[in-house]
Structures are given as structure tokens and as C-alpha cells.
Colleague: 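Please see the structure below; I have some questions.
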Amino acid sequence: MTIHFNNQTNEFHLQTKNVSYIFKRLENNQLGQIYYGKRLRHRDSFERLYHVSHRPNTNYEYEGNLEFSLDLIKQEYPTFGNTDFREPAFQLLQENGSRTTNFEYNTHCVYKGKKQLEGLPATYVEREEEATTLEISLLDAVINVEMKLSYSVFESLDAITRSVTFINHGNEPVNLTRVMSASVDLPDSNFEMLQLSGAWARERHMKERQLVPGIQSISSARGTSSSQHNPFLALKRPETTETHGDVYGFSLVYSGNFLAQVEVDHYDVSRVMIGINPFDFNWLLTKGESFQAPEVVMVYSNNGLNGMSQVYHKLYRTRLARGRWRDQERPILINNWEATYFQFDEQKIVEIAEQSKELGVELFVLDDGWFGKRDDDTTSLGDWFVNKRKLPNGIEGLAKKITALGLDFGLWFEPEMVSKVSELYEAHPDWVIHRPERKLSHGRNQYVLDFSRQEVVDYIYELMAKTLREAPISYVKWDMNRFMTEIGSLSLPANRQKEVAHRYILGVYQLYERLIADFPHILFESCASGGCRFDPGMLYYAPQGWTSDDTDAVERLKIQYGTSMVYPISAMGAHVSAVPNHQVGRITSLETRANVAYFGTFGYELDITKMTEKEKAQVRKQTAFYKENRGLIQTGEFYRLTSPFVVNSNETSWMVVSEDKTEALVGYYQVLADPNPGFKRLILAGLDPNYEYRINEIETTFYGDELMNAGIQLEKYLSDSFVGDFSSTIFKVTKV
Ligand code: DGJ
């Protein structure tokens, strides 16, 4: 049993392999939390863990009762308007102006398996036994609105997902002005809040801060989940490390505006919540309408950050990502963007492809610039038909030439955008997100198509599907290069304008869904100026994403390390590019560039025709190495060992271990050369303490316990080329 309900005490106990989550029906028929943390054995009642008692200067629900105050109670999905003064999980504005609500327990049911969320990405089961779901219906009788809280317990994957639906059964419309996907009141505030923040070219850096009284939050109001903040936060104990200690992760399966916050109250209770950003959001629910909020995935681990990440990795790799490519080894690709930018023709592309094939590359990806009249970023988005001047034989002709070489062919699109200089904009200037009475801002000379309108999504679908049908295309890079401004849709009335950003994301999801359903052989890679929309929502449609436009090996250490907090490395596009690096100007060795990119879905993004014979020989070895190890890399357990985010850090290391623990690959990276260094040891992780292992081809063997406690004397295993700045080494650890 993974969900227990005691009808005497009205307690719910959700259990995974290592976690317990306990709450109950309160005397006012709302829901109160009892415990969230390491698994507890089930017993009849946990009432003794429920804690409420009188406090001065408090408002109470019932006359004569000086204890029952929502301000003093840890709640499951807190409401607004009566005795709790912290921010609520939701708010409903009613016709009479009231925002006070009172949702009381109505019924609940428990069933095997998990339902999908309509129109939204979410984790799923393949067999009913993989998860158990609890749905609780609560009702506000005054307005006749129902709230459905749903919890799915993935017992062996060790995660709990939550979401909420509001259904208006009443006659009067209500406005949902706030709807978080989950809220959890943790009983103390001795936590550090960990977030993944940054900007373009430095996405998902780890940032930590000690919780203090009041609200601390991260959010996006850009129309995408954004590179500024990822839709994720974790609370960790100050002493928690990569391998030990408590951590609670909250990850939102959503690609639009979000809010993740922690409010520490006057009794040091930490209220964590995550959901659609209520700023600039309002959803009108008329009679019979319902609203489904996105899913949040909650992971608790007492094995430190690695413990939390591994739960996310496995769940997201196997039960969020979908389709044929989920379990298939990903091809080594070459992308022409940094090789040619917009300046290419068929001959150049074929030349790159031919030489790539010789070096072991498997997929050629034609990036931006193949359509309309696009020679720079000022024109043609939306005109998804080939530029015959550059490609006289069309996409079909080019794709056939590439596939005849024995390579697969992939194509870039930016489906959600339009340029003013385009046939699409000329025909449908009203199809962009805008306010007609306002000047329209641009980003990279482009405008956002109004995907809240069905006819716009349909139109783009038809154009894309035509290209995908006509040519042998087995990969699509789906880009998205600007944020939303002057948000408005001509198709919606005034009282629905605050729905546009969410409706837009629903349109994006719908287009993705139709394309993956109709072209199941295609591998989709999501991209948004690199990593500006790298989130669990995208992973549901595209099993890999372009992690960042920044391909510098040193910066990538931070980006890939931070991204791995939540996302499996099979989801992270990682390419070797040219030096000096186009984003930061740094020169790193071809070896180090590959040593970093191996820990992801590997590829190249440079003009391979300009490489020397020596470099080409190295590339040949790299592609062979990746092919030999990609099964391990793409499905193994990833462990972070040494963090690039430690102050004055000069090193990073990480490793990936096969599920059966018989082999592992370790990456060790040093930023600046270390003169006359001390005697460094590298402590490994994730191995079997009882197995005997060999490192590379070296005779000496070690038991797993030695490697994970005493570690290895690093200098003995560094490659000969480990000299100077930006050097790195890869070790292979194999069970003998
Ligand atoms: C931004 C992407 O991140 C790049 O990889 C490239 O596809 C360009 N857009 C093309 O415009």
C-alpha cells in the first residue's frame, strides 16, 4: 500500500520507498499537514505529530476555541480570507467582489495508476502498478466551486506529484487570480533555498541563500520559464552536502511564467509553493468550466543533493520524456550554426556533412537560414518554405543527399515566431501577441505568434508537417528566441486578456503534441536562445534540449553541473565548438571541449572542413569513444563530485555509473594550472563497495569501498595531456 487512509482519524499517509507524506482532515474540513520527510512506518494514527496550541495575538475560527487558527496550522492547500495571513495557495475573486473562500472536504478516491493532465505535460505510468493516485474533492458551498487536489505516489521511483483542478459548478463566474500547483508548510526554517538562476549564456547556476522571515522567491514573467530562473527550488539543511543530509525539491512541469517561493512566518514555519506566476494572471471560470494547474514533482532525499537529483533524473528520463527516442541511444550530431551562421549554400552543407560522416558523426542538423529570404535575423520567420537561392534542390533534395551519405538529417524551426518582413506577417498582422493601441517591441527583430489562437497553431502545424512529410527528416531543433511583450490577443475579450500567456503555452504544447504524434520517428530537441526554456514541460515533448548557446568548456562545467540538479544528462545537448569560443573568446583544447561535452547528448558545432588532419584524427577517436560509452552516459546514474560553484573553485568532477555498477566514467576538470599542487585525492561515488574495479587499463585494482572512501591519488591517473590551464581527464572504471 502506498496510500493509506484512516477513516477514524481522517488521516492520509502517502508512502514511497523512502518518503512519508502525511496530512489530515481538520475539524473545519480543510486539510492540515502532519509530516513530510523520511519514510515512517505506517500506524493507525499520527495525531501525536500534529501540533497546534494557543498563541497570543491570533485570530481564531470558532468562538470559545483559543487554539484553532489557520495561522497556527500547517496546511495542505492554504486558503485566503479568514485566520491565515500568509500568502495562500489560491485566490478566487467572486462576482460580489469577495475573495474569501472556504473549501471543505467532500469526497476522495484512491486508484492505481495516474491520469494524464489535459493539455499539459506531466509524468506518466506505463503500468498501473507504478503509481497510486489520491484525488480529494473539496467544495466551497457558497459559490459551488469544486477544488480537486490530486497526488500520485511513484513508490519505487520515490517521488510524489501534485496538481489541482478548479471546477465551477455554480451559476456565477469566478476569477482564479492565483493558483499554485502545490504548497507545503515545513515546521521549521533552518534551510537554505537552492535555486538555478542566471542569464543567457550562463544558465542554471546554483545559488543558495539562508531562509529569513518573510517571502523569498524566484519567478518568471517573460512568457517562458526563462534562463533567469528555472522552475525549481530546493530547501536543504545548511549541513547537507552532495551525498548526505535532507533536501526537499520542488520542480514544476511547466514552460511559462512561474513563481516558486518560500514564506517564513513568525513561528518559523516555511511555506513553500510553486505554480503559475500569479503576477499578471487571471483565469475566468464561467459555469461548467474548469482549470487544470500544471504538475509539480516533489522529491525528498536524505542522501543529499545527489540523492534528490537521481530521483529526478530517473523519473524525468523514463516517465516524463516519451516516445521512441526516450530509450534509444541518441545520435552524435553536427550542427552548422557556428560553422556558417546564415551564410551557406547546398555545396557548403554537403561538404560539411561528407567530412563529418567520415569522422563518425551520425546526424547532420541544418540550423537557421534555410527558409524564406533569411540571410540574417531581420526576415522570414513564419515562412517555412525553402530558400531556393541557397538550396536549389529544396529541403527534400538536400536531405536526400545527406541521407545518401549515410547520415540522418535534421532541421531547425522557430515555430512560435514571425518576422515583420515575411509573407505570413503581411497576410496576418493580427496574428501576433500585441496590444493594437500600443507600439510593439521586438526581440531579435521578431514577434511572438499568438498561439492562444487555434487557427495560428493550425497554420504553423500545416507548414511544418508539409516539410516533415516531404523530406527524410529525423530530427527537429525547435528554437524560440524572444520574450513576450505588450501581451494581448485580439481573439479574447477584455476580461480574458490575463489568460494569454498561459493559453499561449497550451498552444505550444498542442503543436508539439500533434507533431510528435504524427511524426513519431523524429527526435525533437528543444531550444530557446540556448537554455532559456529548459524545463520539465519541454522534456515531455523533446527528450533533449539545447542546454545553452554557451559552448565554452569552462562555462559549460557550471551550466551542466547546475542543470544536472534536476535534469538527466541524456536531456542536455552538449557540443564541441570552435576556438576561440564564439561566446567568451576562450581557447581550450579539443580534448577538454569533448571531455565536457561527453556528459550530455554529444555533438559538434563548428566547421569541420577547417580542421587540421591531426584534429580530425582526434574527432574520429572522440566519436568512437562516445559511441562506445553512450549507453552508460545516457542511462547511467550521474553523480556530482566536486562543484565549480564553491568559492574560488578551480576544479570540477562528476561521474556516471551504470545501473548494475559494473562500469563508470569519471570526468575531472581543472580550470587554471595549479603550480606545485598538493597531494590530491578524488573520492568516487555510486559504486558497489564490494566490487573490485580497475581504472583505465592500469593493473592495480581497488574495491568500491576504497574508491568511495579513500579515493584515488589523482596524479597517477591524469592523462599525459593534463598540463596547463583548462586541462581535463576522463577515467573509465570497470569491474574486473
Ligand atoms: C538560437 C539558438 O540557441 C542557436 O543554437 C541557433 O539555433 C540560433 N538561435 C539560430 O538563430
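As the structure lists them, so they are numbered: ligands from 1, and atoms in each ligand from 1. Counting begins at 1 with the first residue of the sequence.
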Colleague: Are there over 12 heavy-atom neighbours, none belonging to Phe279, within less than 6.0 Å of that residue's CZ?
Modeller: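 At most 12 heavy atoms, drawn from other residues, nucleotides or ligands, come within 6.0 Å of this atom.
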
Colleague: May I ask you to identify, for Asp377, whether its side chain, its backbone, both or neither come under 4.0 Å of ligand 1 on a heavy-atom basis?
Modeller: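 Neither part.
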
Colleague: What protein heavy atom sits nearest atom 3 (O) of ligand 1, and how far off is it?
Modeller: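 Ranked first by proximity to atom 3 (O) of ligand 1 is Asp549 OD1, 2.4 Å.
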
Colleague: Counting both backbone and side chain atoms, is some N or O of Trp337 under 3.5 Å from an N or O of ligand 1?
Modeller: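 Between Trp337 and ligand 1, no N or O pair is found under 3.5 Å apart.
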
Colleague: Strictly distance-based, threshold 3.5 Å: is any side-chain N or O of Arg444 a donor or acceptor partner for the main-chain N or O of Asn481?
Modeller: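 Not at all, since once roles are kept as given, no pair shorter than 3.5 Å links the two residues.
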
Colleague: Just wondering, are more than 12 heavy atoms of other shown residues or ligands nearer than 6.0 Å to NZ in Lys314?
Modeller: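 Incorrect, the count does not exceed 12.
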
Colleague: Atoms of ligand 1 less than 4.0 Å from Gly530 heavy atoms?
Modeller: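 Contacts of ligand 1 toward Gly530, numbered from 1: 3 (O).
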
Colleague: Please determine if Arg640 forms a cation-pi arrangement with Tyr561, meaning its NZ or CZ atom is less than 6.0 Å from the six-membered ring centre and no more than 45° off the ring axis.
Modeller: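 Geometry flag: set, cation within 6.0 Å and 45°.
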
Colleague: Just do the side chain to side chain contact (heavy atoms under 4.5 Å, CB included) check on Arg453 and Asp430 with the steps written out, would you?
Modeller: CA-CA 11 Å; Arg453 294 171 71 163; Asp430 57 322; 3.6 Å; yes

Colleague: Angle between ring planes, Phe534 versus Tyr567, binned at 30° and 60°: parallel, tilted or perpendicular?
Modeller: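 If you compare the ring of Phe534 with that of Tyr567, the planes turn out perpendicular.
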
Colleague: Answer with yes or no whether Glu414 contacts ligand 1, where contact means a heavy atom under 4.0 Å from a ligand atom.
Modeller: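 False for this residue.
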
Colleague: Looking only at distances, please establish whether an N/O atom of ligand 1 is found under 3.5 Å from an N/O atom of Asp367.
Modeller: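 Between Asp367 and ligand 1, an N or O pair is found under 3.5 Å apart.
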
Colleague: Out of all atoms in ligand 1, which are within 4.0 Å of some heavy atom of Asp368? Include the element for each.
Modeller: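 Checking each atom against Asp368, I get 10 (C), 11 (O).
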
Colleague: Heavy-atom distances under 4.0 Å decide this one: backbone, side chain, both or neither, for His575 against ligand 1?
Modeller: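 It is neither part, as no heavy atom is under 4.0 Å.
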
Colleague: Under the 3.5 angstrom rule, does the side chain of Ser227 hit a backbone N or O of Gly531 as a donor-acceptor pair?
Modeller: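 No, Ser227 side chain to Gly531 backbone: no donor-acceptor pair under 3.5 Å.
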
Colleague: So, is Glu605 polar-close to ligand 1, with some N/O to N/O distance under 3.5 Å?
Modeller: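 No - when backbone and side-chain N and O of Glu605 are compared with those of ligand 1, no distance drops under 3.5 Å.
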
Colleague: Name the closest protein heavy atom to atom 9 (N) of ligand 1, giving the residue it belongs to and the distance to 0.1 Å.
Modeller: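 Going atom by atom, the protein heavy atom closest to atom 9 (N) of ligand 1 ends up being Asp479 OD2, 2.7 Å.
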
Colleague: With a cut-off of 6.0 Å (strictly less than), are more than 12 heavy atoms of other residues, nucleotides or ligands near NZ of Lys373?
Modeller: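 No, the 6.0 Å shell around NZ holds no more than 12 heavy atoms from other groups.
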
Colleague: Considering only heavy atoms of Ser529, which atoms of ligand 1 have at least one such atom less than 4.0 Å away?
Modeller: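 This gives 1 (C), 3 (O) as the contact atoms.
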
Colleague: For ligand 1, which atoms sit closer than 4.0 Å to a heavy atom of Cys527?
Modeller: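 In order of number, 2 (C), 3 (O).
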
Colleague: For atom 5 (O) of ligand 1, what's the nearest protein heavy-atom neighbour? Residue, atom name and distance, please.
Modeller: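 Going atom by atom, the protein heavy atom closest to atom 5 (O) of ligand 1 ends up being Lys477 NZ, 2.7 Å.
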
Colleague: Under 3.5 Å, N or O to N or O, is Phe342 touching ligand 1 that way?
Modeller: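 N/O-N/O distance below 3.5 Å does not exist for this pair.
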
Colleague: Charged N to carboxylate O under 4.0 angstrom, Lys401 versus Glu346?
Modeller: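 Looking at Lys401 and Glu346, the cut-off is met.
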
